[in-house]
2 protein chains.
Amino acid sequence: MKKRPTILDVARHAGVSKSTVSLVLQNSTLVKETTREDVAKAIADLGYVYNRSAAGLRGAASGLIGLIINDLRNPFFTEFAASAQMTFAQKGYSTVIANTDEDPDIQAQVIDSMIEHDVSAFVISPSYGGDEQPFDRIRRAGIPTMQVLRQVDERTDLFPFASHDYKAGGVLATEHLIDLGCRNIVFVGGLEDRPITLERMSGYVETMGAHALVPSVFHGRPSRVFGREIALKFLDSHRQIDAAICFSDLVALGMLSGLAEVGIRVGEDFKIVGFDDIEESSLAYPRLSSVRCDTALFGKNAAEAMLAWIVDGERPPDTKRYGVELTKRQSSLGAG
Amino acid sequence: MKKRPTILDVARHAGVSKSTVSLVLQNSTLVKETTREDVAKAIADLGYVYNRSAAGLRGAASGLIGLIINDLRNPFFTEFAASAQMTFAQKGYSTVIANTDEDPDIQAQVIDSMIEHDVSAFVISPSYGGDEQPFDRIRRAGIPTMQVLRQVDERTDLFPFASHDYKAGGVLATEHLIDLGCRNIVFVGGLEDRPITLERMSGYVETMGAHALVPSVFHGRPSRVFGREIALKFLDSHRQIDAAICFSDLVALGMLSGLAEVGIRVGEDFKIVGFDDIEESSLAYPRLSSVRCDTALFGKNAAEAMLAWIVDGERPPDTKRYGVELTKRQSSLGAG
DNA sequence: CTGAAAGCGCTTACAG
DNA sequence: CTGAAAGCGCTTACAG
């Protein structure tokens, strides 16, 4: 394998000094236009490839973004990650993605590894748990870091947090169901005591209270499997319940599957509203009503906020919540 | 922000030379055990972080794997990517992931960017199309590269290909449906003339022929939306059809949704077999029969094959196909 | 088993 | 607007 050409080869080929080539590479305005063209031609002729390791050694930014996701297989997070990655790519940044599978040890390991690779920034949807402050090593390394979707480190002055306004979503969903005449509304899914569960529940609990109705919560994993299990149980034990707000669309889709199996007609006998409005929800039967968090847009916004930070020095606010809306479909309205 | 300690600081702190520290960092067997411990302690004391840029400049491997995926939002590919990434992470490799969204221009761009970052290897599930040979720049850079799941470059001697034995899967699915008494079996989804479509169809076409039955294919995007559309059309025009083999589970799940909507009982009036056996398929109602390609295992296998290549120099075979099996569930067997 | 020295390919002041 | 020189933090022969 032939050695790759270096900046020095390019300089010789173009008849300039290597400093000049370096300036061209950085799009400096100091270089005369004709010189720039000569250099560009030399680069093309030689098939020169920029060596970021060498640049990194001299202090240049790596152009690498660390994106750490607690559950990459969940379509909600996949959508977020794909959107953020593509936004970064458009601006010339590469993204190192790691799935931590909710494991704080794996998370600690990938953080260390990414620090070694000198990532220019971290965007983290963190895992819960773990003994130490997971972000302390990042802080020591002085790398700009945003927490997204989940806040596990309370120091939002150091690690700004961005998410959706889940509480407002809970309010919208609950009022919608009450408007439709439901009174025995339950909240299904979400692990107990998790901040995100509390947020997504809070609007429901508050709105139920405001209407003198009694809230009731079935905690559990935010998965299809759990939704399905709960749905199968409704049959035996809680026939008076007439509606459910689900922690996530996955839970709601699981309930849809379970209720279909036991012959309960969703939209008629029983109403369901999900959370996230993932793509699949508009294609399910019956089509699922859901609190829409535009995740693709959120991923783009988060990536752009991070770029504004590392490129222009505009630090994001400590906490930023993006608005949500309620998408009403068959699962609450009934057959259209 | 204080400057990070370097190998020289560690050397001073441990009372050795920096060469020795470097050897310790590389787990060299040349270093005396007590010396190694001294160095390890100094590293911990100082909070030293290995600088991979500097190492890269001297020719060390970057420990970065480029993973390029044509459609990261599709759960089939998400599962593959997450599994491969976690396997690499376990061995200390970080993974740069890029979603190309089936766009060959984006693909070319991220390949260039990853080459600049000096990735040690590429694992690519490529996009179709584009003017130039997308892998030519990789070849010039001399980076080990595997094609997975889709073969777009015929030079498998340069870019080994690994996938599932889709043809065998098509045979299994078709024979299963014929055994159940179906005769008017169609194949639904998959873009025309794509190699992967041809592969997944081929077992179906062949088996139909062997039973003197006429194959019939409805080409289309491998999406829920397409599956749903086709299902809604069955109602009007093709009542004689009694079963479908779908290009992917996404198509099958779309059909399930559409058929539920028009009141056709899947498993009884109409039988469906999907392809991929994604997690959701076992939770759908009715539960979906599917050709199981163990994607998580495949991701792990592909990652390990790549590691064997770059670590031990064991090049994968030109073409490797992993076995598939048929998971029979309600959508073909009927209600259990 | 350990140390002194050269050099990887860039960027960055500093001259001119 | 361009060039000569130093140096970023490692690794790698080479001595010892």
Side-chain angles (χ1 to χ4, degrees), chain A residues 1-40 42-43 46-64 113 115-120 141-142, chain B residues 1-40 42-43 46-64 113 115-120 141-142:
Chain A
M1 188 176 108
K2 228 174 24 257
K3 263 189 39 169
R4 293 190 199 168
T6 75
I7 189 178
L8 207 62
D9 299 316
V10 174
R12 264 196 295 268
H13 193 92
V16 299
S17 84
K18 65 178 179 154
S19 314
T20 305
V21 176
S22 179
L23 291 172
V24 170
L25 255 22
Q26 293 167 84
N27 282 314
S28 165
T29 52
L30 296 174
V31 187
K32 209 187 350 180
E33 186 51 35
T34 55
T35 309
R36 177 188 307 281
E37 282 163 12
D38 291 348
V39 172
I43 287 174
L46 274 57
Y48 166 76
V49 174
Y50 183 67
N51 182 329
R52 280 177 188 268
S53 290
L57 195 49
R58 283 299 284 134
S62 66
L64 222 43
S113 166
I115 291 175
E116 285 191 3
H117 281 293
D118 192 30
V119 294
S120 298
Chain B
M1 186 175 108
K2 226 171 29 257
K3 263 189 41 173
R4 294 190 201 168
T6 74
I7 190 178
L8 207 62
D9 300 315
V10 174
R12 264 195 297 267
H13 193 91
V16 299
S17 83
K18 64 177 180 153
S19 312
T20 305
V21 176
S22 179
L23 291 173
V24 171
L25 256 20
Q26 293 166 82
N27 282 313
S28 165
T29 52
L30 297 174
V31 187
K32 207 187 349 178
E33 187 50 36
T34 57
T35 310
R36 178 188 306 282
E37 280 162 15
D38 292 348
V39 171
I43 287 174
L46 297 164
Y48 166 77
V49 175
Y50 183 67
N51 183 330
R52 279 177 188 269
S53 290
L57 195 47
R58 283 300 285 137
S62 67
L64 223 42
S113 166
I115 291 175
E116 284 190 3
H117 281 292
D118 192 29
V119 293
S120 299

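Computation of the quantities below employed the complete heavy-atom set of this structure, encompassing side-chain atoms and omitting hydrogens, waters and symmetry-equivalent molecules. Below, chain A is the first sequence line, B the second, and so on; all start at residue 1.
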*Partners meeting salt bridge (Lys or Arg N to Asp or Glu O under 4.0 Å) with B/Arg58 (sequence neighbours left out)*: none
*Taking only residues two or more places apart in sequence, or in another chain, which ones meet B/Ser19 in a side chain to side chain donor-acceptor pair (under 3.5 Å)?*
none
*Is it true that a side-chain atom of B/Arg52 and a backbone atom of B/Ser62 form a donor plus acceptor pair closer than 3.5 Å?*
yes
*asked:* For DNA chain D, which residues of residues 9-17 of chain A approach it to below 4.0 angstrom with any heavy atom?
replied: A/Val16, A/Ser17
*Sequence neighbours excluded, which residues qualify as side chain to side chain contact (heavy atoms under 4.5 Å, CB included) partners of A/Asn51?*
A/Ser53, A/Ala54, B/Leu57
*Once you round it to whole Å, what is the distance between C1' of D/dC10 and NE2 of A/His117?*
15 Å
*Can you list every pair that meets side-chain hydrogen bond (donor to acceptor under 3.5 Å, both in side chains) and has a residue in residues 24-36 of chain A, with sequence neighbours left out?*
A/Ser22-A/Gln26
*asked:* I need a per-nucleotide contact map over nucleotides 11-16 of chain D, read 5' to 3'. Cutoff is protein heavy atoms under 4.0 Å; write B for the base, S for backbone only, - otherwise.
replied: BB----
*Consecutive Watson-Crick or G-U pairs in runs of at least 3, all under 3.5 Å, in which DNA chain D is involved*: C:1-3 with D:14-16, C:5-12 with D:5-12, C:14-16 with D:1-3
*For A/Ile7 and A/Tyr48, which heavy atoms make the closest approach, and how far apart are they?*
N-CE1, 3.6 Å
_All side chain to side chain donor-acceptor pair (under 3.5 Å) counterparts of A/Thr6, not counting sequence neighbours_ = none
*Between atom NZ in A/Lys32 and atom C1' in D/dG3, what is the gap in whole Å?*
14 Å
*When you match A/Leu8 and B/Thr20 each to their closest nucleotide on DNA chain C, which lands nearer the 5' end?*
B/Thr20
*Atom CZ of B/Arg52 and atom C1' of C/dC8: how far apart are they, to the nearest Å?*
17 Å
*Could you list the residues that satisfy salt bridge (Lys or Arg N to Asp or Glu O under 4.0 Å) with A/Asp38, not counting sequence neighbours?*
none
*D/dC8 C1' sits how many Å from A/Leu57 CG, rounded?*
4 Å
_Nearest-Å distance for atom pair CG/P, residues B/Asp118 and C/dC8_ = 16 Å
*Quick one: salt bridge (Lys or Arg N to Asp or Glu O under 4.0 Å) pairs with a partner in residues 5-16 of chain B, sequence neighbours left out?*
B/Asp9-B/Arg12
*Under the salt bridge (Lys or Arg N to Asp or Glu O under 4.0 Å) rule, what pairs show up with a residue in residues 13-27 of chain B, not counting sequence neighbours?*
none
_Output the rounded distance in Å from CG (A/Leu30) to C1' (D/dT2)._
10 Å
*Which part of the nucleic acid, if any, lies within contact of A/Thr35, taking any heavy atom under 4.0 Å across all strands shown: a base, the sugar-phosphate backbone alone, or nothing?*
sugar-phosphate
*From B/Tyr50 OH over to A/Asp118 CG, what is the distance, rounded to the nearest 0.5 angstrom?*
13.5 Å
*Quickly work out the A/Ile43 CD1 to C/dC10 P distance and round it to whole Å.*
10 Å
